[in-house]
Amino acid sequence: MLYLQIVLLHLESRIVAAVSQHVLIRYGLSIPITVEQPRQASFGEFALPTAFQLARDLKKAPRAIAQELVAELPEIPGIQSLEVAGNGYINLRLDREAFAAAIALPPPPPPPAGRVLIEHTSINPNKAAHIGHLRNAILGDTFVRMLRAGGRQVNVQNYIDNTGVQVADVVVGFHFLEGRSLADLRTLVETPRFDYLCWDLYAKVSQTYATDEALKARRAETLHAIEAGHGELAEMGALVADKIVGYHLDTMLRLGIVYDALPRESEILHLHFWAAAFELLKERKAIYLESEGKNRGCWVMPGSAFSEHREDEDSKVIVRSNGIVTYVGKDIAYQMWKFGLLGRDFYYRHLRTYPDGHPLYVTASTPEGATPGISFSGNERVYNVIDSRQSYLQDVVQAGLRALGHPQEAANSIHFSYEMVALTPRTCGELGIELTDEDRARPYVEVSGRKGLGVKADDLIDKLIAAAQREVDSRNEHEPAEVRRQVAETIAIGALRYFMLKFTRPTVIAFDFQEALSFTGETGPYIQYAAVRAGKILAKADSTPALPADLGPVLADEELWQSLLAAFRTDSALAMAIQADEPAHMARYAFQLAQAFSNFYQKFPVLTETNPTKRDFLLWLTAAYRAELVRTLNLLGIAVPVFM
RNA sequence: GCGCCCGUAGCUCAGUUGGAUAGAGCGUUUGGCUACGAACCAAAAGGCCGGAGGUUCGAAUCCUUCCGGGCGCACCA
């Protein structure tokens, strides 16, 4: 069934080849030929704006050129007719019979695979995940699914900063604010929703710093201990981080999000990744020891390395005057490892096996207990899914690679950036968050972990499931409770994932409960519903769907023909979405596909159709729609419930 | 101050990389269920694409400039 899409793609490239060759011979011009979809379906299947492009060079009216082209272009197999439209467009119509016959063609070979790495999620392991993290993970996971469907070999990583200040802050809270020992913490981490407890504690500690200088001094002490990896404070930090990572993995698994490996900062420290990178940076003179000014005694990267616009851009400190590397420095080392440029690797220990059998590895600093023979280093292309506020730092990392003499890798370092998820003032009100008059007047309010201001991921998922459950129960009283529960979950996840994907990456999402809880209109459930209805028809049909031999009369029906075309755009939509690095395009396509099916569903009753050939065709097309809907939803990480 | 992002229907957003009459969803109004399940469909109303210049056959899209909003610009991560 996929062949149809391939046929369309092939046809497009045949048109491009035929037209560009003709233009070259006839006019001696070599121009890029673009093929578009006509504004109105009744115009045909393809449109060529070629005459407009030629008008400049030929100094002739576009319409006249179009007429010339139509008269002189050689026949293109699969194309029935050409006609001039408007003031110079050329519309092409498919040979429908030939097109239908092409269904029998064998499937094409898979596209060449390249090894790519995607890092996403990467939440500080010191508190529960919030909606902003959901956007990151859903965006990353969806893009992974898209790339894999597009033939790429992808490995998925979730970076764990288990030795950073955020973990230290929570340890400060437990130990110095609440006076807990390591033994106390060992029992405490086992209490339910330990991640929520940390959420509140982190906010409390952050606020206490403002008035308590002594506590702030404890933070530095704690961070130091955690980085060194020795002593009670370090053990507390490891305990907290490991436990919270477990919660994050569970939360993401609820959304169908899994990883291949968890690289941890503790191993980057213990295996001295930075030392290796530092030597290389010095050797290539990518950084220098500042001898004067405010950065005296620091190793810095000159501003000109990462900013093309200004010579006097401030240089970026990589190693502090006390000899301790900054976050960016560590990130450069990590990015080098991703490309296999560091000359070092982690050991990998098996951490868990996902329900589908997929193994998850975590990095280790010794070969003890490690699984031999695996590596996640050495990728051709690297996507870092990180919010747009960190674009400055990502630029510095990229500049580091360039300065080290790796322009190729720098160019293949992609900051897959996205805007933040904020809250509408109304949602803040519902959450009982006090707002200033100034905030209330804004269109949205930024979430803040330090202030404890935000919507926890699991709370949102629970709320969505509850809302979906009400709908499911009211429509399906006769179904077993356990199945209803599963259906409600599938719908809730569908709604959430689609909601996070429908916005393009640079758009700030002003999160609103009312909008996110909606199951009608442009939502995940709308698309799931289309797939479920298609499935119902197929289940009730007495025959298996097969394409009838004589399609002439059926394809003459304009609406049916359009319906057929609309069902087979997945591959080209996928290719375009990958090329644009934009999962929202895929989400948009899924919705359009569902709309096309809903349309078809309304206009053409399948099971009651009396003409047997037409009935066979309708049934076949229903099966095609169902398959494409399932496949497309799968790309978005959305499952299809058994009923709705 | 410098850099990046955004400004499109009442609201929330798309706009296939410069193409034909600018599209969806929500909301509003109206019509359609003894059902291949209405979480749906059909129809209507709703637009100086922030303003002004420019580039060209053609601009929501590219350039310049102004206005309005957001986010960055640490020896934090």
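Everything numeric in this text was worked out from a predicted model, so none of it was measured. The figures here come from the full heavy-atom set of this structure, side chains too, leaving out hydrogens, waters and symmetry mates. So you know, we letter chains A, B, ... as the sequences are listed, proteins then strands, and number each from 1.
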Next item on the list: Round to the nearest Å and state the distance from A/Glu582 atom CD to B/U17 atom C1'.
Entry: 13 Å
Note to self: Taking the C1' atom in each of B/C36 and B/A43, what is the distance between them to the nearest angstrom?
What the structure shows: 25 Å
Next item on the list: Would you please indicate yes or no on a ring centroid separation below 6.0 angstrom for A/Phe591 and A/Tyr526?
Entry: yes
Notebook entry, point to check: Expressed as a whole number of Å, how far does the P atom of B/A24 sit from that of B/C33?
Noted result: 25 Å
Next item on the list: Considering only atom C1', compute the distance from B/A45 to B/U28 and round it to an integer number of Å.
Entry: 9 Å
Next item on the list: Could you let me know what B/G58 is paired to, Watson-Crick or G-U wobble, both distances under 3.5 Å, or none if it's on its own?
Entry: none
Margin query: Considering every strand and a 4.0 Å limit on heavy-atom distances, what is the contact class for A/Lys540: base, sugar-phosphate, or nothing?
Written below: sugar-phosphate
Notebook entry, point to check: Does A/Tyr209 have A/Arg219 sitting over its ring (NZ/CZ under 6.0 Å from centre, angle to axis within 45°)?
Noted result: yes
Note to self: Can you measure A/Phe52 atom CZ to B/A59 atom P for me and round it to whole angstrom units?
What the structure shows: 12 Å
Check: Whom does B/U29 pair with, Watson-Crick or G-U wobble, provided both distances fall under 3.5 Å?
Finding: B/A43
Item checked: Side-chain donor/acceptor of A/Asn91 to base of B/A20, under 3.5 Å -> yes
Check: Below 4.0 angstrom from OP1 or OP2 of B/C41, is there any side-chain N or O of A/Gln595?
Finding: no
Notebook entry, point to check: With sugar-phosphate meaning primed atoms plus P, OP1 and OP2, does A/Thr622 contact a base, only sugar-phosphate, or nothing at under 4.0 Å between heavy atoms?
Noted result: nothing
Next item on the list: Look at the side chain of A/Thr608 and the base of B/C36, then say whether one donor and one acceptor between them are separated by less than 3.5 Å.
Entry: no
Item checked: Watson-Crick/G-U partner (both atom distances under 3.5 Å) of B/G18 -> none
Margin query: Taking the P atom in each of B/C49 and B/A22, what is the distance between them to the nearest angstrom?
Written below: 10 Å
Next item on the list: Mind checking A/Val472 for me? I need base, sugar-phosphate or nothing, with any heavy atom below 4.0 Å counting as a touch.
Entry: base
Next item on the list: Would you indicate what A/Ala85 reaches in the nucleic acid, counting non-hydrogen atoms under 4.0 angstrom: base, sugar-phosphate, or nothing?
Entry: base
Margin query: Whether A/Arg475 contacts B/A39 is assessed here as follows: a side-chain N or O lying under 4.0 Å from the phosphate OP1 or OP2. Is that the case?
Written below: yes
Note to self: Using a 4.0 Å heavy-atom cut-off, does A/Ala47 contact any base of the nucleic acid, only the sugar-phosphate backbone, or nothing at all?
What the structure shows: base
Margin query: With rounding to the closest Å, how many angstrom separate the P atoms on B/G18 and B/C5?
Written below: 16 Å
Check: Do A/Arg533 and A/Phe597 meet the cation-pi criteria used here (NZ or CZ under 6.0 Å from the six-membered ring centre, within 45° of the axis)?
Finding: no
Next item on the list: Mind calculating the distance between CG (A/Asp331) and C1' (B/A77) to the nearest angstrom?
Entry: 10 Å
Notebook entry, point to check: Does a side-chain N or O from A/Tyr526 land closer than 4.0 Å to OP1 or OP2 of B/C41, or not?
Noted result: yes
Notebook entry, point to check: A/Phe604 CZ to B/A42 P: how many Å, rounded?
Noted result: 13 Å
Next item on the list: Check every strand shown and say whether A/Glu515 touches a base, only sugar-phosphate, or nothing at a heavy-atom separation below 4.0 Å.
Entry: sugar-phosphate
Next item on the list: Could you tell me the separation between the CD atom of A/Gln67 and the CG atom of A/Leu82, rounded to the nearest 0.5 Å?
Entry: 13.0 Å
Notebook entry, point to check: Of A/Gly293 and A/Ala468, whose closest RNA chain B nucleotide lies nearer the 5' terminus?
Noted result: A/Ala468
Notebook entry, point to check: Which part of the nucleic acid does A/Asn599 contact within heavy-atom distance under 4.0 Å: base, sugar-phosphate only, or nothing?
Noted result: sugar-phosphate
Next item on the list: Tell which nucleotide pairs with B/G23, taking only Watson-Crick or G-U wobble pairs whose two distances are both under 3.5 angstrom.
Entry: B/C13
Next item on the list: Please determine if a side-chain N or O atom of A/Asn295 lies less than 4.0 Å away from the OP1 or OP2 oxygen of B/C75.
Entry: yes
Next item on the list: Return the nearest nucleotide to the side chain of A/Gln602; candidates are B/C13, B/C41, B/C73.
Entry: B/C41
Notebook entry, point to check: Would you say A/Thr504 reaches B/A14's phosphate, i.e. side-chain N/O to OP1/OP2 under 4.0 Å?
Noted result: yes
Notebook entry, point to check: For atom C1', what is the distance between B/A44 and B/A59, given to the nearest Å?
Noted result: 30 Å
Margin query: Quick check for you: among B/C41, B/C36, B/A14, whose closest atom lies nearest to any side-chain atom of A/Ser598?
Written below: B/C41
Checklist line | Cation over ring face, A/Arg450 and A/Tyr202, 6.0 Å, 45° | finding: no
Margin query: I'd like the P distance from B/G54 over to B/A9, given in whole Å.
Written below: 25 Å
Check: Starting at CG of A/Leu517 and ending at P of B/G25, how long is that distance when rounded to a whole Å?
Finding: 21 Å
Checklist line | Distance in Å, A/Asp387 CG paired with A/Ser417 OG, rounded so as to fall on 0.5 Å steps | finding: 8.5 Å
Checklist line | A/Ile31 CD1 - B/U56 P separation (whole Å) | finding: 18 Å
Next item on the list: Determine the interatomic distance between C1' on B/C13 and the same-named atom on B/U30; round to the nearest Å.
Entry: 26 Å
Next item on the list: Give one of base, sugar-phosphate or nothing for A/Arg533, where a contact means two heavy atoms less than 4.0 Å apart.
Entry: sugar-phosphate
Check: How far does CZ of A/Phe416 sit from CG of A/Asp581, to the nearest 0.5 angstrom?
Finding: 5.5 Å
Checklist line | B/C49 pairs with, by Watson-Crick or G-U criteria that keep both distances under 3.5 Å | finding: none
Note to self: I need the OH-C1' distance between A/Tyr601 and B/C41, as an integer number of Å.
What the structure shows: 11 Å
Next item on the list: Would you mind classifying the nucleic acid contact of A/Ser388 as base, sugar-phosphate or nothing, using non-hydrogen atoms under 4.0 angstrom?
Entry: nothing
Next item on the list: Using a heavy-atom cut-off of under 4.0 Å over every strand shown, decide if A/Pro605 touches base, sugar-phosphate, or nothing.
Entry: base
Margin query: Students often get this wrong, so: under 4.0 angstrom with heavy atoms, is A/Leu393 touching a base, only sugar-phosphate, or nothing?
Written below: base
Item checked: 5'-most by nearest nucleotide on RNA chain B - A/Leu607 or A/Gln390 -> A/Leu607
Note to self: Does A/Phe503 reach a base, just sugar-phosphate, or nothing at all? Heavy atoms under 4.0 Å.
What the structure shows: sugar-phosphate
Notebook entry, point to check: Rounded to the nearest Å, what distance is computed from the CZ atom of residue A/Arg389 to the C1' atom of nucleotide B/C4?
Noted result: 14 Å
Check: Closest approach of A/Ile226 and A/Asn162, non-hydrogen atoms and distance?
Finding: CG2-O, 4.0 Å
Notebook entry, point to check: Touch check for A/Lys294, heavy atoms < 4.0 angstrom, all strands: base, sugar-phosphate only, or nothing?
Noted result: base
Next item on the list: Keeping the roles fixed (side chain from A/Asn124, backbone from A/Gln166), state whether a donor-acceptor pair exists under 3.5 Å.
Entry: no
Note to self: Can you identify which nucleotide, out of B/C41, B/A39, B/C13, has its nearest atom closest to the A/Phe519 side chain?
What the structure shows: B/A39
Check: What does B/G3 pair with, Watson-Crick or G-U, if both distances are under 3.5 Å?
Finding: B/C71
Next item on the list: Run the salt-bridge test on A/Glu68 and A/Arg63 with the 4.0 Å N-O cut-off and return the result as yes or no.
Entry: no
Check: With sugar-phosphate meaning primed atoms plus P, OP1 and OP2, does A/Arg470 contact a base, only sugar-phosphate, or nothing at under 4.0 Å between heavy atoms?
Finding: nothing
Note to self: Side-chain N or O of A/Tyr529 versus OP1/OP2 of B/A39: is the shortest distance under 4.0 Å?
What the structure shows: yes
Item checked: Under-4.0 Å side-chain N/O to phosphate OP1/OP2 contact, A/His415 with B/C4 -> no
